[in-house]
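Following: one structure in structure tokens, then a few remarks.
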Amino acid sequence: MPAFPQYRGRRLRRTGPLRNLVRETSLHPSQLVLPLFVREGTSVRRPVSSMPGVAQTSPDELIRDVEHAASLGVGGVILFGIPETKDASGSEAWNDEGAVQRAVRLLKHELPAMVVITDVCMCEYTEHGHCGILRNGEVDNDATLELLSRVAVSHARAGADMVAPSDMMDGRVRAIRSALDGAGFSSIPILSYAAKYASAFYGPFREAAESAPKQGDRKGYQMDPANAAEALREVFADIEEGADAIMVKPAGPYLDIISRVKEATGYPVAAYQVSGEYAMIKAAAERGWIDGDRVMMESLLGIKRAGADFILTYFAVEAARMIEKQ
Ligand code: PBG
């Protein structure tokens, strides 16, 4: 390429319209997915203190939030459930009358065009808060697969458009795929949380979903933040097992992983901007230390630029509003 003074990078940055013309990355509301926390009851709205603007809601209230998101063009929602009762195996997770299942049915009835994804995991449903069933103090991988499969089928029966297993058990994508196919849901895709790290950024979520492990941590199944080659192994294993789209989580501190996964697979890649990433931006903005809107948009653009096709973010509605204004 030519060097200075032939090359002057500033020529294309002189005015807004010129900059727009050569913009490499764009964000559209249809590429944003809003995470929502649903619990039983009616007219329930319980704010999550560590996540300003986020609340646990009953299905009737949730519909209102999703209507609002849909009016701004938000591409989808992902539902997490908070059950009334927990037990050792997390049996409420596959209850066809559970909060998630009821919310999915209501959503698909009222807003059929909205993409409804469900998180498939046990941690909100087990009394110990781990993502599977315990045997001798450890999560029993193979025994958990059967339960995850029941959950996925129950969500599909309720009308979910896509299921997203987030437990990090080995072999869960194959198990869920074959359970879905066996139950007549061969057209329901799986979004696999393939590269999910044992991250401190999930802190506020565990308040929102009431899913913190009572004892120990999730290092026995979630990935070590130091590992990138392992992320590719996890991703290829899930693709082999039948994943239709791949997720990297968290997003901001793992942009290299997003980029490598996209490049290596060519598969649809989702990135989850998690609760801690959201809470940090909200907290600094509240203190007036950063411009919250601009940092929000820059953080999302960075995730997109790294290679994500769509982003799960608690900012989905606010960002969609900003994009509309631009
Ligand atoms: C459940 C699950 C978690 C998140 C999504 N699904 C928490 C965890 O693994 O502890 C985190 C999302 C967030 O922090 O926003 N397995």
Side-chain angles (χ1 to χ4, degrees), residues 32-38 48-56 76-83 86 90 92-93 100 117-126 128-134 139 141 144-145 147-148 151-152 155 160 162-170 172-173 176 190-225 234 238 246-254 270-283 296 299-300 303 308 311-316:
L32 304 175
V33 171
L34 177 67
L36 294 166
F37 302 96
V38 60
V48 177
S49 64
S50 52
M51 299 174 75
V54 175
Q56 302 176 344
V77 296
I78 180 164
L79 303 188
F80 296 90
I82 301 120
K86 304 189 189 221
E92 266 300 297
V100 166
I117 307 170
T118 55
D119 182 87
V120 172
C121 196
M122 309 309 299
C123 62
E124 298 102 303
Y125 299 91
T126 51
H128 43 73
H130 280 286
C131 301
I133 44 180
L134 294 184
V139 174
N141 189 90
T144 299
L145 299 183
L147 307 188
L148 293 166
V151 179
H155 290 174
M162 178 148 74
V163 294
S166 68
D167 51 282
M168 286 300 276
M169 297 303 116
D170 293 321
R172 83 281 173 73
V173 174
I176 290 172
I190 299 175
L191 165 61
S192 169
Y193 285 71
K196 176 171 175 179
Y197 288 88
S199 172
F201 286 91
Y202 305 150
F205 174 94
R206 293 180 185 172
E207 180 203 334
E210 302 180 11
S211 67
K214 297 269 171 332
Q215 249 165 23
D217 53 40
R218 303 208 202 288
K219 290 188 185 137
Y221 37 103
Q222 297 179 349
M223 283 178 46
D224 181 344
E234 285 287 334
D238 284 5
I246 290 300
M247 196 194 302
V248 175
K249 176 182 172 193
Y254 296 86
Y272 198 144
Q273 183 182 51
V274 300
S275 56
E277 298 177 74
Y278 175 82
M280 288 195 307
I281 294 173
K282 282 287 181 191
M296 162 181 79
S299 68
L300 293 170
I303 295 165
I311 307 174
L312 290 78
T313 173
Y314 303 94
F315 284 123

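Numbering of ligands and ligand atoms starts at 1, following listing order.
Side chain to side chain, Glu207 and Ser49 meet the donor-acceptor criterion of an N or O pair below 3.5 Å. Looking at Glu277 and Ser299, their side chains never bring a donor and an acceptor atom within 3.5 Å of each other.
Here is the list of ligand 1 atoms found below 4.0 Å of a heavy atom in Cys123: 1 (C), 16 (N). Of all atoms in ligand 1, listed by their number and element, those nearer than 4.0 Å to a heavy atom of Tyr272 are 12 (C), 15 (O). Each of the following atoms of ligand 1 lies closer than 4.0 Å to a heavy atom of Asp119: 6 (N). Residue contact check: Arg218 has heavy atoms under 4.0 Å from atoms 8 (C), 9 (O), 10 (O) of ligand 1.
Of the possible polar contacts, none joining the Tyr125 side chain to the Ser211 backbone as a donor-acceptor pair under 3.5 Å is found. Not one N or O on the side chain of Thr126 forms a donor-acceptor pair closer than 3.5 Å with the backbone of Lys86. Judged by distance alone, with hydrogens and angles left aside, the side-chain atoms of Arg172 form a donor-acceptor pair with the main-chain N or O of Pro165 at under 3.5 Å. The main-chain N or O of Ile133 is found under 3.5 Å from a side-chain atom of Thr144 such that the two form a donor-acceptor pair.
From the protein, the heavy atom lying nearest to atom 14 (O) of ligand 1 is Ser275 OG, 2.7 Å. At the shortest separation from atom 2 (C) of ligand 1 among protein heavy atoms lies Lys196 NZ, 3.3 Å. Atom 11 (C) of ligand 1 has its closest protein heavy atom at Lys249 NZ, 2.9 Å. Residue, atom and distance of the protein heavy atom nearest to atom 12 (C) of ligand 1 are Phe205 CD1, 3.3 Å.
At a heavy-atom distance under 4.0 Å, only side-chain atoms of Cys121, from C-beta outward, approach ligand 1. Neither the backbone nor the side chain of Tyr278 has a heavy atom within less than 4.0 Å of ligand 1. Residue-level proximity to ligand 1 for Asp167 is absent, since no heavy atom of it falls below 4.0 angstrom.
Remark: ligand 1 and Gln222 share an N or O pair separated by less than 3.5 Å (distance only, no angle test). Some N or O of Arg206 is nearer than 3.5 Å to an N or O of ligand 1, by distance alone.
Residue-environment remark: CZ (Phe37) exceeds the threshold of 12 foreign heavy atoms within 6.0 Å. Within a 6.0 Å radius of NZ in Lys214, more than 12 heavy atoms belonging to other residues, nucleotides or ligands are found.
Counting only heavy atoms from C-beta outward, the side chains of Leu134 and Val139 approach each other to under 4.5 Å.
Remark: distances from the non-hydrogen atoms of Tyr314 to ligand 1 include one below 4.0 Å.
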